[in-house]
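These notes are about the structure you will find just below.
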Amino acid sequence: MLVISEQHMAALHRTAGVQFENEMVAHGLQFAPKLAKVIGEEQLRRAIRAGSTRAQQHGFTQRGPVRLCIEAMFLFGSAFDDDPQYPWARAILQADAEQMTRANRLYEKVLDYQQKVSGPDGVNTREALRKLAQLSQRPPAPPHGSIEDGVMWELANVFPEKAAYAGKEALRGLVAEGIAAARKAGFEAARSQTAVVMLMFMFGHGCSDDLLYPWIARTLHDPRIADPAVRADRLERKALTWLSHVLAGHKERATA
């Protein structure tokens, strides 16, 4: 009778983990090619490891559910599971049901989101990114005196499909969180606060520490930048650079 030692079993688990990580890296290069190319393979691996750990915290241990969580992370940001603009994700993941049932519900919701928000081949998302890039060329235009109302207006203007899908209550939660984070960083100008909320809206509320968007964390936590106004300006310029790369990549694929 074959007896497998604990050390041997641990080695097998490590090998399986590395194999799964390699598969997810290859999948990420296909699923989100531009993002994967911009951040590089090593950063992509770090994000996938963090995503796998986060999936396991929700009781997802099988390959399919873990892979689905990582795909959702690419679509909605690594912290999608507690993002106020995606309350359905938290409800599904925290439901009292076994993992395959919850994974199927999450998969159905992701498909619904892609159909109603992203649009065919992501056309709505690309248009939103284009509008976001243009936003830097003009000051925020609040329809009233409230910064919160002004940001809400900008969100609906940049990505109307996403704003409608999320609903006003969820968006107000995101706006409140974003403005609070901006003020904590010393960003007092309406433009800077709007920029922070926009980044959360497009890349997830955890984007300031998301391994998929390391340029945000580097800018926000750069010890060489002491002036919050300079930091806010640098963040906006970094965002524009990232957007230009992504939009250029979409244009190249469209004309290929």
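For residues 162-193, the pairs satisfying ring-ring contact (aromatic ring centres under 6.0 Å, His included) are Y113-Y165, with sequence neighbours left out. Residue pairs satisfying the salt bridge (Lys or Arg N to Asp or Glu O under 4.0 Å) criterion with at least one member in residues 230-243, sequence neighbours excluded, are listed as follows: R191-E236, D233-R237. Pairs passing the ring-ring contact (aromatic ring centres under 6.0 Å, His included) check and including a residue from residues 219-239, sequence neighbours excluded, do not occur.
The CD1 atom of I48 sits 10.5 Å away from the CZ atom of R67 when rounded to the nearest 0.5 Å. To the nearest 0.5 Å, atom CZ of residue F60 and atom CD1 of residue I70 are 12.0 Å apart. Separating the CG atom in L220 from the OG atom in S208 is a distance of 6.0 Å, to the nearest 0.5 Å. We find the CG-CZ distance between D83 and R90 to be 9.0 Å, quoted to the nearest 0.5 Å.
F74 and V123 fall into different hydrophobic clusters, where Ile, Leu, Val, Met, Phe, Trp and Tyr residues are linked whenever their side-chain heavy atoms come under 4.5 Å apart, directly or through other members.
A side-chain donor from one of R46 and Q43 sits under 3.5 Å from a side-chain acceptor of the other.
In this structure, the salt bridge (Lys or Arg N to Asp or Glu O under 4.0 Å) partners of R54, at least two apart in sequence or on a different chain, are D81, D82. With sequence neighbours excluded, no residue satisfies side chain to side chain donor-acceptor pair (under 3.5 Å) with Q114. Annotation: salt bridge (Lys or Arg N to Asp or Glu O under 4.0 Å) contacts of R183 (sequence neighbours excluded): none. By the ring pair (Phe, Tyr, Trp, His ring centres under 6.0 Å) test, F159 is found to be paired with no residue, residues two or more places apart in sequence or in another chain being considered. With sequence neighbours excluded, no residue forms a ring pair (Phe, Tyr, Trp, His ring centres under 6.0 Å) with F201. Scored by the side chain to side chain donor-acceptor pair (under 3.5 Å) test, R49 finds E21 as partners (sequence neighbours excluded). Remark: R218 pairs with no residue by the salt bridge (Lys or Arg N to Asp or Glu O under 4.0 Å) rule, at least two apart or across chains. Annotation: salt bridge (Lys or Arg N to Asp or Glu O under 4.0 Å) contacts of E108 (sequence neighbours excluded): none. The ring pair (Phe, Tyr, Trp, His ring centres under 6.0 Å) check on F203 picks up Y213, W242, with sequence neighbours excluded.
Just one of M198, M200, Q85, K162 meets the side chain to side chain contact (heavy atoms under 4.5 Å, CB included) condition when paired with L155; it is M198.
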Could you walk me through whether E71 and V110 pass side-chain contact (heavy atoms from CB on, under 4.5 Å), step by step? CA-CA 10 Å; E71 290 175 344; V110 169; over 6 Å; no
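Taking a cutoff of 4.0 Å between a charged side-chain nitrogen and a carboxylate oxygen, R45 and E42 do not qualify as a salt bridge. Look at R102 and D96 and you find no salt bridge, because none of the NZ, NE, NH1 or NH2 atoms lies under 4.0 Å from a carboxylate O.
Taking the six-membered ring for Trp and thresholds of 30 and 60 degrees, H27 and F31 have ring planes inclined between 30 and 60 degrees apart.
Side chain of Q62 to backbone of P65: no donor-acceptor contact under 3.5 angstrom is found.
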